[in-house]
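Scroll down for the structure; my scribbles are underneath it.
Computation of the quantities below employed the complete heavy-atom set of this structure, encompassing side-chain atoms and omitting hydrogens, waters and symmetry-equivalent molecules. Here is how names work: the chains are called A, B, and so on, in the same order as the sequence lines, proteins then strands, and each is numbered from 1. Quantities reported herein were computed from a predicted structural model and do not represent experimental measurements.
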Amino acid sequence: MESRCYSQIFNLTLNNFTIKVVTWIINSMKLSPNGKNIGKKIKHLKHKTFKTTDDYSKPKYYALDMFPYPSGTGLHVGHPEGYTATDIVSRYKRMKGFNVLHPMGWDAFGLPAEQYAIQTGTHPAVTTRENCDNFRRQIKALGLSYDWDREINTTDPKYFKWTQWIFSKLYNTWFDKELEKGRPVDELPIPDEIKENGVKAIRDYVDGKRLAYYDNAQVWWCNHCKIVCSNEEVLTDGNHEKCGSQVVRKNLKQWLLRIPHYAERLLEGLDGLDWPAGVKDMQKNWIGKSTGAEVDFQIDGLTEKLRVYTTRPDTLFGATYMVIAPEHELVDSITLEERKDEVKAYIKAAALKSDLDRTDLAKGKTGVFTGRYAINPVNGEKVPIWVADYVLMGYGTGAIMAVPAHDTRDFEFAETFGIPIICILDPGDAAHEERDLVLAGKKCWTGDGKYVNSASAKTGLSINGLNKQAGIKTVISWLEEKGLGNASVNYKMRDWLFSRQRYWGEPFPVIHWEDGEVSILDEKELPLQLPELEEYTPGDSGDSPLANATDWVNVVDKNGRKGHRETNTMPQWAGSCWYYLRYIDPTNDERIFDPEKEKYWMPVDLYIGGAEHAVLHLLYSRFWHKVLFDLGIVSTNEPYQKLFNQGMILAFAYETSTGAKVASDLVEEKEGKFFHRETGEELKQIVAKMSKSLKNVINPDDVIKVYGADSLRLYEMFMGPLDERKPWAETGVKGVFNFLNRAYRFFANPTNIVEGEEDKEVAKLLHQTIKKVGSDIENLKFNTAISALMVFNNLAVRKGKITRQTAGIFAKLLSPFAPHLGEELWSLYGKSKTLAYEPWPEVDENLLQESTFEYPVSFNGKMRFKLELPLDIARDEIEKIIIAHENAQKWLDGKAPKKVIFVPKKIINIVI
RNA sequence: GCCCGGAUGGCGGAAUUGGUAGACGCGCUGGAUUCAAAAUCCAGUUCUGGCAACAGAGUGUGGGUUCGAUUCCCACUCCGGGUACCA
């Protein structure tokens with residue numbers, strides 16, 4: 001019925017303006033959510049087309065999006081990019097017979113809702129609910145095939161009950177270094193000497209091993225936001241990434257997680273993952289593994305030894321001074337009496353300096369001599385000990401041996417303070433011009449070479465003539481043999497600061513008792529809910545707003561012991577660390593999830609999201625997962641098997657010749673050039689991030705209103721490779737919109753659809769298209785898949801006729817990308833059921849077989865003409881054919897070819 | 001500084017292990033249709049020269065390997081991301 005109605009409109013030859021407009025509007029509506037689209041969508045939702053069951057008989061596929069923070073501004077065009085990509089894969093996999101888990105939820109704890117609460121008094125839960133509703137509405141308008149029955153929300157007590165539960169697991173786990181594995185604390189062996197000292201000593205010992213611990217921590221404090229920020233939230237210029245104001249140091253009781261215990265596991269685990277190499281590199285850099293040695297230096301005149309960490313034990317012979325960090329425990333005993341004032345003043349100044357000043361490379365190095373010397377273990381020579389803040393207490397042993405000739409930082413320091421620079425590594429011919437300078441101690445050399453001046457009759461050690469690799473090996477075994485040091489590994493990664501002085505986060509299920517005991521709520525007592533508050537503003541001293549909820553904070557146990565609840569809350573990372581697990585069994589109130597279901601669905605097969613989460617979210621999440629794995633709660637070692645980052649969608653912006661940016665509404669285009677609407681000045685088109693000030697922000701709602709959801713989906717996929725950054729262009733949306741209309745006009749018109757045998761050319765291209773679209777989806781190359789669909793559509797339109805079977809296949813191929821149009825065509829062909837679970841078309845390889853190939857014929861590498869030849873032609877026949885060919889005469893110019901290159905199915909090249 | 005990624009027509013971008021550079025889309029030009037416009041359809045569109053046939057140049061720059069290089073190697077320029085005294 002429906003199709004006949006449309007065909008009648010199309011077959012009308014009236015040149016009547018209104019009829020045409022009506023046709024156009026109906027067409028547009030068919031492709032927009034105002035018309036047929038929305039009907040389809042509602043039907044899907046009502047019938048729960050995409051409800052996922054735990055059908056263990058089918059192979060599974062878990063396609064996951066990084067869930068959004070539902071901000072008040074709603075969806076931006078970046079969101080649908082990743083969502084559409086996973087949706088295409090999900091729809092394709094369903095048609096390939098997979099049981100697909102494709103869920104969506106909300107990472108809804110976070111600052112903006114709380115800031116809004118501070119300003120207006122509106123409870124963050126209210127704001128959050130409204131924002132989630134808006135996001136859900138917007139996402140549903142995109143026609144994404146989520147199973148909405150699995151929607152989760154990190155702020156839902158039914159969800160964060162389990163976030164708190166995992167925290168209690170972390171608290172009750174220690175890391176067994178021998179087994180390289182997390183284990184329950186009740187399995188922690190307590191040494192006898194600890195036991196002898198009583199309950200408190202045992203408690204301290206255990207607390208010192210827990211993966212989650214409570215301690216004083218120097219933290220960044222943002223005066224503007226009144227919040228503690230993690231190091232990761234502080235930009236390199238010392239500003240808070242959220243508000244941009246300068247942060248300061250503060251010392252507060254904090255929860256920390258011992259993620260460095262898992263450093264090696266987190267590093268090794270990367271090997272087996274199908275992740276972008278760049279993300280793996282970033283994680284590797286973040287973990288920052290380095291190998292070297294710890295070496296003991298006897299301190300002259302003291303019994304203590306000074307232990308240093310170095311990656312270059314081979315350069316011990318070049319050590320001309322030592323440095324200890326200002327916070328080093330031996331500073332006081334090392335410093336000679338007459339130097340005490342000077343050293344104390346330096347330490348005080350260093351403590352007052354912000355980390356930024358301390359780590360500002362441009363500011364040059366500072367330091368002060370302690371007056372004391374250490375004895376170099378390789379040659380017994382005395383080296384002066386300095387205090388300098390370029391050595392950090394938090395890394396290695398907080399002390400170094402300095403080898404200015406072969407370390408750039410030490411070189412800079414030695415030059416500043418006139419300390420000798422002794423070259424012990426001859427760069428050799430590799431650094432011809434530099435070599436003399438290096439040998440004279442005038443230039444620093446960190447590369448390879450041959451050792452000189454690296455022998456001592458006193459100790460018997462010599463590495464002269466060896467290269468760097470052999471030198472390091474030799475010195476380490478010498479040190480170990482003499483008991484002077486040992487090989488050692490260090491990691492840059494630090495403990496994870498896991499608490500925030502905020503209201504809108506998961507409360508810690510923790511009670512601090514007056515006697516110093518800390519207890520964790522029992523599973524039965526979870527979730528610990530947030531109290532209602534009148535006032536959300538945090539205290540100036542760094543108190544969390546929760547401290548004001550005295551009824552909630554103060555508790556008394558059955559013996560009358562008083563205690564108070566932890567008033568910090570967890571950071572936003574907490575909820576996102578494990579959400580992929582809850583989707584598996586989202587409504588389970590008894591357990592975090594059913595282990596059977598977890599075994600079936602894990603790991604995540606495809607995880608798509610922004611590259612901004614390359615390190616933190618993914619590293620934290622992997623850390624939690626590994627702990628859960630060690631405790632036997634999850635069955636896989638890693639959570640995300642394949643990861644992919646979508647590139648950012650940018651926008652065109654305009655700037656004047658002086659580089660001043662001009663808002664888009666002040667720009668007009670004339671003949672491909674851009675001018676300022678008011679001044680008339682010619683402007684340069686550039687690519688920039690979308691921003692309110694540039695007025696170039698695109699709202700997906702607006703795009704859908706005009707072009708429909710299919711066009712938005714298709715355009716975002718057609719723009720370019722998924723992982724690259726690319727600028728939004730309205731004309732590009734029109735392009736794919738035109739394609740959808742063109743396809744609709746052709747494939748929805750019954751007079752174009754015929755019965756019988758398909759045209760040979762069409763059949764061949766159809767099967768090439770099936771092949772291309774399938775493999776492109778598998779490889780996430782959606783732009784070329786869409787291009788293949790366009791090519792096929794162009795041929796179909798040109799031919800004017802298509803068989804019903806071909807039309808059905810086209811609808812199927814199109815449907816992962818443009819599901820509304822796909823379903824529409826499918827129902828026009830008389831199918832009553834959705835095509836979402838129809839089998840994906842098979843490629844008929846026979847149709848792709850060729851008997852001839854049109855060879856490009858080149859002369860000296862330049863293509864001159866084409867020649868169709870049978871595929872089974874013999875090599876020596878080619879030359880005869882070419883020489884005899886009339887087109888070749890001009891290029892051969894009477895000469896015989898020197899050589900004929902023939903690559904079957906590729907090229908013929910004649911060398912003259 | 002170090003690590004990673006990128007550079008192809010007027011624009012977004014294609015190009016299997018080295019084998020016809022510019023698929024597809026936008027824009028533009030011409031034509032059909034229309035009283036006219038929009039929409040649609042057809043043709044053309046890397047640059048330079050030429051009416052054309054055709055010729056020459058051409059994938060950020062400079063070298064190299066090869067019968068043949070957008071693709072591989074060396075040196076560099078610019079743009080983007082990450083990181084920053086981690087010994």
Side-chain angles (χ1 to χ4, degrees), chain A residues 15 17 20-21 23-24 27 236 276-282 284-286 288-290 292 308-312 315 323 358-361 363 365 388-392 394-403 407-410 412-413 490-494 611-612 614-615 645 647-648 650 652 671-673 685 687 715 718-721 723-736 738-739 741-742 745 775 781 783-784 786-791 794 797-798 854-866 890 897-901 903 905-912:
Chain A
N15 292 330
F17 174 74
K20 289 207 169 182
V21 168
T23 310
W24 171 244
N27 257 336
T236 40
V279 176
K280 286 190 185 184
D281 284 343
M282 280 163 70
K284 279 180 196 162
N285 289 339
W286 195 265
K289 181 178 183 175
S290 88
V308 301
Y309 171 72
T310 176
T311 55
R312 296 292 305 275
T315 59
V323 183
R358 254 180 94 156
T359 58
D360 192 345
L361 288 158
K363 287 200 175 145
K365 300 213 170 7
D389 64 6
Y390 82 91
V391 170
L392 309 172
Y395 185 80
T397 61
I400 61 156
M401 62 167 203
V403 186
D407 181 285
T408 52
R409 297 152 301 183
D410 299 344
E412 190 194 334
F413 188 87
N490 259 293
Y491 301 91
K492 273 198 262 186
M493 187 165 51
R494 305 294 160 82
E612 66 273 19
V615 179
N645 298 123
M648 201 188 301
L650 305 167
F652 287 117
E671 291 162 8
K673 290 182 178 172
Q685 189 182 52
V687 171
Y715 174 60
F718 186 63
M719 288 172 88
D723 55 348
E724 257 160 54
R725 37 171 43 216
K726 49 225 165 225
W728 182 273
E730 170 103 18
T731 51
V733 190
K734 271 185 202 154
V736 293
N738 286 343
F739 159 64
N741 279 307
R742 206 166 130 93
R745 276 196 304 274
S775 70
K781 289 167 72 177
N783 54 334
T784 48
I786 293 165
S787 145
L789 290 168
M790 288 172 167
V791 170
N794 289 345
V797 170
R798 197 161 64 241
E854 191 179 36
Y855 281 96
V857 181
S858 301
F859 290 81
N860 287 339
K862 250 193 164 350
M863 208 281 286
R864 294 303 178 184
F865 61 91
K866 288 176 189 173
K890 182 175 169 188
K898 276 189 196 144
K899 199 172 169 187
V900 176
I901 314 278
V903 186
K905 264 194 117 172
K906 291 266 196 251
I907 202 167
I908 297 165
N909 187 23
I910 289 103
V911 187
I912 308 160

Whole-Å distance separating the CE atom of A/M719 from the P atom of B/G12: 11 Å

Residue pair A/S290, A/Y491: steps toward the side chain to side chain donor-acceptor pair (under 3.5 Å) verdict: CA-CA 6 Å; A/S290 88; A/Y491 301 91; over 6 Å; no

Contact under 4.0 Å: A/R745 side-chain N or O vs B/C41 OP1/OP2: yes

Residue mapping more 5' on RNA chain B - nearest nucleotide basis, A/D281 or A/Y395: A/D281

Of the listed nucleotides B/C67, B/G12, B/A15, the one nearest the side chain of A/K781: B/A15

Nearest-Å distance for atom pair CE/P, residues A/M648 and B/G82: 8 Å

Spacing between A/L392 atom CG and B/U83 atom P, to the nearest angstrom: 17 Å

Dot-bracket notation for RNA chain B, counting Watson-Crick and G-U pairs under 3.5 Å, with | for partners on another strand: (((((((..(((......[....)))((((((.......))))))((((....))))..(((((..]....))))))))))))....

C1' gap between B/C2 and B/A84, integer Å: 8 Å

B/G81 glycosidic torsion: syn (within 90° of 0) vs anti: anti

Where protein sits on nucleotides 19-27 of chain B, one letter per nucleotide: B base, S sugar-phosphate only, - none, heavy atoms under 4.0 Å: BB--BBSS-

Atom-to-atom span, CG of A/N285 to C1' of B/C85 - whole angstrom: 16 Å

Check: A/N645 and A/P276 side chains under 4.5 Å, non-hydrogen atoms: yes

A/K898 (side chain) and B/C67 (base): donor-acceptor pair under 3.5 Å: no

Touch class at under 4.0 angstrom, heavy-atom based, for A/P721 against every strand present: sugar-phosphate

Rounded distance in Å - CE (A/M282) to C1' (B/C2): 14 Å

Shortest non-hydrogen separation from A/V857 to A/I910 and the atoms involved: CG1-CD1, 3.7 Å

Residue whose nearest RNA chain B nucleotide is more 5′ - A/A611 or A/N490: A/A611

Contact summary for A/R312 and A/M401, nearest pair of heavy atoms: O-CE, 3.4 Å

Interatomic distance where CH2 belongs to A/W728 and C1' belongs to B/G12 [whole Å]: 13 Å

Minimal non-hydrogen separation, A/Y855 against A/K906, with atom names: CE2-N, 3.8 Å

Report, one pair per line, the protein and nucleotides 69-71 of chain B atoms (nitrogen or oxygen only) whose separation is under 3.5 Å.
none

Length of the CD-C1' vector between A/E724 and B/G81, whole Å: 13 Å

Aromatic ring proximity, centroids under 6.0 angstrom, A/Y715 and A/W728: yes

Flag for A/Y390-A/D410: side-chain donor and acceptor within less than 3.5 Å: yes

Touch class at under 4.0 angstrom, heavy-atom based, for A/R864 against every strand present: sugar-phosphate

Distance-minimising heavy-atom pair for A/F413 and A/A388: CE1-CB, 3.7 Å

C1'-based separation of B/G6 from B/C76 [nearest Å]: 16 Å

Value in whole Å for how far the P atom of B/G12 lies from CZ of A/R725: 14 Å

A/N909 (side chain) donor-acceptor with A/G861 (main chain) under 3.5 angstrom: yes

